[in-house]
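Notes to accompany the following structure.
In what follows, every chain begins at residue 1, and chains take the letters A, B, ... in the order their sequences are listed. We use all heavy atoms of the structure for the numbers below, so side chains are in, but hydrogens, waters and symmetry mates are not.
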2 protein chains.
Amino acid sequence: MNLQLQFGERVRELRLAKGLSQEALAYKAGIDRTYMTSVENGKRNVSIQNVEKIITALDISVSEFFKSDTFKHN
Amino acid sequence: MNLQLQFGERVRELRLAKGLSQEALAYKAGIDRTYMTSVENGKRNVSIQNVEKIITALDISVSEFFKSDTFKHN
DNA sequence: ATTAATATGTGACTCATAGTCCGTTGACTT
DNA sequence: AAGTCAACGGACTATGAGTCACATATTAAT
């Protein structure tokens, strides 16, 4: 139930590392600006297609995205 | 658009490795058997909450789940 | 040969919510 | 003062969640 939160945190981390605004990333991903805000804040139960769009917009592979320590516990 | 299919394939791979039926895994994950079928076949645009339920039911971490070669390309 | 049990797949359906589009606000910057 | 950025909200439409009846294939026992 907190993958949703962890996902948002990771998106924010990578977005900031690339020096992008939420709006710029949203545009690259082809999703709404206001939606990106709520995703980063862990308020949205994102679909896997949008997960892919966002990860792709971050210029990273899916496995690299989830390689973070955040996702190492079960 | 592909992550949906890759996710399903990976779920099936790990489920079979554990010797579970779709129904047994679905039960562990707390979702419907027929829903699990369509997920494995890449027919569903699964939400991140259900992604987490399924990965957890497979007794694996999120980062391990996505560590497969399938997810290494962007 | 048929019966029964197990496993998987499909189409259709309702209902909740994912996701969009409009705008506003506050913080910070120049 | 004007611009950028993040967050929030209301109203709306598109779509995912969740379930069902039914079909199919395989295997095992009778």
**Message:** Both B:Ser47 and B:Arg44 contact DNA chain C. Taking the nearest nucleotide for each, which residue is further toward the 5' end?
**Reply:**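 Looking at the nearest nucleotide for each, B:Arg44 comes out on the 5' side.
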
**Nearest-nucleotide comparison on DNA chain C, the residue closer to the 5′ end among A:Thr34 and B:Ser21** =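 The residue whose closest nucleotide sits nearer the 5' end is B:Ser21.
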
**Prompt:** Taking the six-membered ring for Trp, is the centroid-to-centroid distance between B:Phe65 and B:Phe7 below 6.0 Å?
**Reply:**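 Between B:Phe65 and B:Phe7, the centre distance is under 6.0 Å.
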
**Request:** First locate atom CD1 of B:Ile31, then atom NZ of B:Lys53, and finally report the distance between them rounded to the nearest 0.5 Å.
**Result:**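 So the CD1 of B:Ile31 and the NZ of B:Lys53 are separated by 7.5 Å.
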
Mind calculating the distance between [atom1] ([X]) and [atom2] ([N]) to the nearest angstrom?
{"X": "B:Lys43", "N": "C:dT8", "atom1": "NZ", "atom2": "P", "result": "14 Å"}
{"X": "A:Gln4", "N": "C:dT17", "atom1": "CD", "atom2": "P", "result": "12 Å"}
{"X": "B:Asn50", "N": "C:dT17", "atom1": "CG", "atom2": "P", "result": "13 Å"}
{"X": "B:Arg12", "N": "C:dA7", "atom1": "CZ", "atom2": "P", "result": "15 Å"}

**Asked** With nearest nucleotides of DNA chain D determined for B:Ile48 and A:Gln22 from heavy-atom distances, which residue corresponds to the more 5′ nucleotide?
**Response**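 Comparing both residues, the 5'-ward one is A:Gln22.
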
**Request:** For B:Asn45 and for B:Asp32, find the nucleotide of DNA chain D with the closest heavy atom, then tell me which residue's nucleotide is more 5'.
**Result:**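 Nearest-nucleotide comparison on DNA chain D picks B:Asn45.
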
**Asked** Below 4.0 angstrom from OP1 or OP2 of C:dT10, is there any side-chain N or O of B:Asn41?
**Response**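 For B:Asn41, the contact criterion (side-chain N or O under 4.0 Å from OP1 or OP2 of C:dT10) is met.
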
**Request:** Ignoring backbone atoms, test whether A:Arg33 places a side-chain nitrogen or oxygen under 4.0 Å from the OP1 or OP2 oxygen of C:dG23.
**Result:**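 No.
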
**Request:** Report which part of the nucleic acid A:Ile31 touches: base, sugar-phosphate, or nothing (heavy-atom distance under 4.0 Å, all strands).
**Result:**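 Touches sugar-phosphate only.
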
**Carboxylate-amine/guanidinium proximity below 4.0 Å for A:Glu64 and B:Lys72** =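 Salt bridge absent between A:Glu64 and B:Lys72.
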
**Salt bridge present between A:Glu9 and A:Arg12 (N-O < 4.0 angstrom)** =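 Salt bridge: no.
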
**Message:** Looking at every heavy atom in both B:Gln22 and B:Met36, which two are closest together, and how far apart are they?
**Reply:**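 Where B:Gln22 meets B:Met36 most closely, the heavy atoms are O-CG, 3.9 Å.
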
**Item:** A:Ala57 versus A:Leu25, closest heavy-atom pair with distance
**Value:**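 Nearest pair, atom of A:Ala57 first, then A:Leu25: CB-CD1, 3.6 Å.
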
**Request:** Walk along DNA chain D from 5' to 3' and tell me the first and last nucleotide with an atom closer than 4.0 Å to a non-hydrogen atom of chain B.
**Result:**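 Both ends considered, the range comes out as D:dG16 to D:dC22.
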
**Message:** Could you check whether A:Gln6 and A:Thr70, counting side-chain N and O atoms only, form a donor-acceptor pair closer than 3.5 Å?
**Reply:**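 The criterion, which ignores hydrogens and geometry beyond distance, is not satisfied for A:Gln6 and A:Thr70.
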
